[in-house]
Amino acid sequence: MAYYFNDTSHTFNEYLLVPGYSSSECVPSNVSLKTPLVKFKKGETPDISLNIPLVSAIMQSVSGDRLAVALAKEGGCSFIYGSQSIEDEAAMVARAKSFKAGFVVSDSNVREDATMADVVRIKEETGHDTMAVTDDGTSSGKLLGIVTGRDYRVSRMEPTTKVKDFMTPFSSLVYAKEGTTLKEANDIIWENKLNSLPIIDDEGHLKYFVFRKDYASHKENPLELLDSQKRYVVGAGINTRDYAERVPALVEAGADVLCIDSSEGYSEWQKLTIDWIRAKYGDSVKVGAGNVVDKEGFLFLAESGADFVKVGIGGGSICITRETKGIGRGQATALIDVCAARDEYYEKTGIYVPVCSDGGIVHDHHMTLALAMGADFIMLGRYFARFDESPTNKISIGGNYYKEYWGEGSNRARNWQRYDLGGDKKLSFEEGVDSYVPYAGSLKDNVGISLAKVKSTMCNCGALTIPELQQKAKLTLVSATSIVEGGAHDVIQKDASNNKIK
């Protein structure tokens with residue numbers, strides 16, 4: 001006879017937090033959202049922690065290298081999608097890792113016989129107005145000079161004007177030799193009031209640039225998530241088919257953490273993948289696994305050696321797994337069950353395996369609910385797909401802007417590996433839809449607003465850290481009527497933009 005769970009399967013929207021005592025210390029500026037990303041032993045600290053509890057989903061329409069950089073600046077981590085060639089994914093990881101290493105390889109280079117028209121074109125392509133002038137026009141050629149936006153005027157100069165006639169020549173440049181430390185380079189920049197400092201080798205060939213703006217960027221983004229070499233922390237998705245080829249390429253590219261991208265994680269395929277990684281790399285390569293929705297699934301992956309476990313099947317906004325297969329579990333109920341199993345496992349073994357809540361987040365307050373229910377961090381797809389930095393197109397429909405968003409189980413993604421059960425290499429039926437989401441602007445602005453809400457709610461619960469929230473939170477189920485009561489009701493609302501009634 002089939003096993004029946006006694007409790008009803010609930011979603012985040014069916015719960016509310018009940019306020020607790022707030023001391024005078026409970027103000028948002030005192031709240032820390034730091035949280036472990038990978039497992040650790042009792043009394044030790046995790047090898048990687050997040051400064052904010054947000055990671056981006058392993059999806060084509062969400063996590064490219066541009067979003068990886070933007071999210072790492074805020075203190076989170078992206079998992080670059082694996083449903084692409086090994087070479088392309090590794091290249092995305094490498095671009096994100098090299099975006100701000102302090103020493104930047106120049107991507108805007110010209111020869112001295114190029115024209116101002118060439119300079120303008122390169123600036124439009126790269127968005128960068130500092131260009132190295134090298135003997136061969138490459139990033140590693142002999143440095144002859146530099147061109148910046150201050151060296152030319154489009155309105156006053158002919159497009160055919162040669163670069164050599166308006167560049168700042170090498171003889172007038174302040175530069176440093178290879179081997180200069182980042183601190184020394186920044187000191188030179190400040191002492192000489194420079195915007196950029198070229199780094200050359202003994203033969204005069206360009207190696208890197210160090211930019212003033214990168215130093216300023218760190219000051220503007222105090223929570224940015226960096227590795228030991230001051231590079232952004234970047235994750236990457238893998239599958240259970242080609243891991244023997246994909247994992248080495250991603251590790252070589254600099255990926256800090258991997259995650260098996262699968263619709264269902266309680267599977268021998270995931271154990272075999274983790275076993276292979278452990279046999280080749282030991283514990284030096286971090287890998288998360290999932291997704292699961294109950295205690296048994298969590299224990300299987302934890303005992304298989306996963307560094308974190310993802311929870312959630314069928315709760316994503318573009319996921320139709322529950323409709324097509326009748327399998328899954330309400331995200332809130334699944335999360336509560338798995339987090340209880342995590343705590344029991346920690347008490348028994350002394351090993352803490354972080355839990356990632358993946359799916360089911362519709363409103364910002366659902367983030368706080370997920371954390372209160374035990375999640376260490378939250379994976380988001382639709383949320384991040386709305387931003388400038390996601391890799392999809394922004395389009396206008398009926399006068400409003402939208403971003404494209406499609407599921408990995410859709411025919412468009414064709415990510416059969418995510419739903420692989422050992423059969424033919426094809427997507428037998430769709431488990432995701434192709435859609436649009438309202439365009440929301442920049443990641444930085446939106447994440448700031450969302451986390452301000454999280455911090456404020458934590459203060460209402462008397463908590464200044466995520467573990468303290470999980471300890472002090474009081475949760476109550478709500479009725480359908482009280483959900484209606486929770487929004488604006490029984491009033492005629494004004495349209496704030498033009499003071500009209502709506």
Side-chain angles (χ1 to χ4, degrees), residues 12 17 19-20 22-23 25-40 45-57 67-79 218-227 232-235 256-257 288 307-311 335 339 342-343 352-358 360-361 363-381 383-384 387 389 442-475:
F12 293 132
L17 283 157
S22 300
S23 72
E25 295 295 314
C26 285
V27 293
S29 60
N30 288 339
V31 172
S32 169
L33 294 177
K34 190 165 185 176
T35 190
L37 177 61
V38 297
K39 69 183 179 184
F40 59 95
T45 57
D47 288 340
I48 308 175
S49 291
L50 299 166
N51 291 327
I52 63 172
L54 304 181
V55 300
S56 66
L67 191 128
V69 169
L71 184 51
K73 282 183 178 180
E74 301 308 308
C77 178
S78 281
F79 285 87
H218 176 65
K219 296 302 180 183
E220 293 168 3
N221 301 289
L223 294 177
E224 62 184 356
L225 194 61
L226 304 174
D227 65 15
Y232 286 127
V233 170
V234 179
D256 298 277
V257 58
D307 284 291
F308 65 85
V309 173
K310 283 205 297 160
V311 176
L335 186 59
C339 289
R342 174 205 58 204
D343 293 343
Y352 188 92
V353 181
V355 168
C356 170
S357 179
D358 179 17
I361 302 293
H363 306 292
D364 285 349
H365 74 270
H366 290 169
M367 296 181 188
T368 320
L369 285 168
L371 295 172
M373 291 173 181
D376 295 282
F377 57 97
I378 304 158
M379 180 170 278
L380 301 159
Y383 179 83
F384 287 117
F387 303 151
E389 295 84 357
S442 74
L443 179 146
K444 183 178 183 66
D445 291 342
N446 284 276
V447 166
I449 293 170
S450 296
L451 294 183
K453 296 176 185 177
V454 171
K455 289 181 177 181
S456 179
T457 307
M458 287 174 64
C459 288
N460 294 145
C461 297
L464 294 176
T465 66
I466 292 172
E468 192 176 8
L469 173 67
Q470 292 164 352
Q471 188 178 53
K472 292 184 175 181
K474 296 184 289 184
L475 292 147

| task | Would you indicate whether the side-chain heavy atoms of Pro354 and Val38 approach each other to under 4.5 Å? | result | no
| task | Flag the pair Lys39 and Asp47 as a salt bridge only when some basic side-chain nitrogen lies within less than 4.0 angstrom of an acidic carboxylate oxygen. | result | no
| query | Minimum heavy-atom separation for Gly235 to Cys77, with atom names? | reply | N-SG, 3.6 Å
| What's the verdict on side-chain contact (heavy atoms from CB on, under 4.5 Å) for Leu475 and Met373, showing C-alpha distance, side-chain angles and the deciding distance? | CA-CA 8 Å; Leu475 292 147; Met373 291 173 181; 4.0 Å; yes
| task | Determine whether Val355 and Leu335 make a side-chain contact, defined as any pair of heavy atoms from C-beta on separated by less than 4.5 Å. | result | yes
| said: So which atom in Ile466 and which in Ala375 form the shortest heavy-atom distance, rounded to 0.1 Å? | reply: CG2-O, 4.2 Å
| With a 4.5 Å heavy-atom cut-off, do Phe79 and Val55 have their side chains touching? | yes
| If we only count heavy atoms from C-beta on, is the Leu33 to Met458 side-chain gap below 4.5 Å? | yes
| query | When the ring planes of Phe377 and Phe308 are compared, do they come out parallel, tilted or perpendicular, using 30° and 60° as the limits? | reply | perpendicular
| said: Under 3.5 Å, is there a donor on one side chain and an acceptor on the other for Ser442 and Asp445? | reply: yes
| request: Quick one: pull up OH in Tyr232 and CG in Leu71 and give me the separation to the nearest 0.5 Å. | output: 11.0 Å
| note | Those residues at least two apart in sequence (or on a different chain) that pass side chain to side chain contact (heavy atoms under 4.5 Å, CB included) with His365 are Asn13, His363, Leu369
| Roughly how far, to the nearest 0.5 Å, is NZ of Lys455 from SG of Cys26? | 13.5 Å
| Checking Glu468 side chain against Leu464 main chain: does a donor-acceptor pair fall under 3.5 Å? | yes
| request: Calculate, to the nearest 0.5 Å, the distance between atoms CE and NZ belonging to Met379 and Lys310 respectively. | output: 4.5 Å
| field | Glu224 backbone acceptor or donor facing Glu74 side chain under 3.5 Å | value | no
| Is there side-chain contact between Val454 and Asp364, with heavy atoms separated by less than 4.5 Å? | no
| Between Ser456 (side chain) and Ala452 (backbone), is there a donor-acceptor pair under 3.5 Å? | no
| Evaluation steps, side-chain contact (heavy atoms from CB on, under 4.5 Å), between Leu17 and Thr368 | CA-CA 9 Å; Leu17 283 157; Thr368 320; 4.0 Å; yes
| request: Output yes when a side-chain donor or acceptor of Arg342 lies under 3.5 Å from a complementary backbone atom of Val309, and no otherwise. | output: no
| Within a strict 4.5 Å, meaning less than it, do heavy atoms of the Lys472 and Cys461 side chains meet? | no
| message | Between Asn30 (side chain only) and Glu25 (backbone N and O only), is there a donor and an acceptor less than 3.5 Å apart? | response | yes
| said: If I compare all heavy atoms of Ala70 with all of Leu443, which pair ends up nearest, and what's the gap? | reply: O-CD2, 3.7 Å
| query | Atom CD1 in Ile378, atom SG in Cys356: separation rounded to 0.5 Å? | reply | 8.5 Å
| said: I'd like to know if the side chain of Thr35 reaches the main chain of Pro53, judged simply by a donor and an acceptor atom lying under 3.5 Å from each other, with no hydrogens or angles considered. | reply: no
| Heavy-atom pair of closest approach, residues Ile52 and Leu50 | O-CB, 3.2 Å
| message | Are the side chains of Tyr383 and Met367 in contact, using a 4.5 Å heavy-atom criterion? | response | yes
| remark: What one should report as the nearest heavy-atom pair of Tyr352 and Asp376 is OH-OD1, 2.6 Å
| query | Where do Asp307 and Val353 land on the side-chain contact (heavy atoms from CB on, under 4.5 Å) test, with the steps shown first? | reply | CA-CA 6 Å; Asp307 284 291; Val353 181; over 6 Å; no
| task | Compare all side-chain heavy atoms of Ser49 with those of Leu37 and state whether any distance is below 4.5 angstrom. | result | no
| message | If I take atom CD from residue Glu389 and atom NZ from residue Lys73, how far apart are they, to the nearest 0.5 angstrom? | response | 8.5 Å
| query | Is a side-chain N or O of Asn51 found less than 3.5 angstrom from the main chain of Lys34, in a donor-acceptor match? | reply | no
| request: Compare every heavy atom of Ala370 with every heavy atom of Phe12, then report the nearest pair and how far apart it is. | output: CZ-CB, 3.7 Å
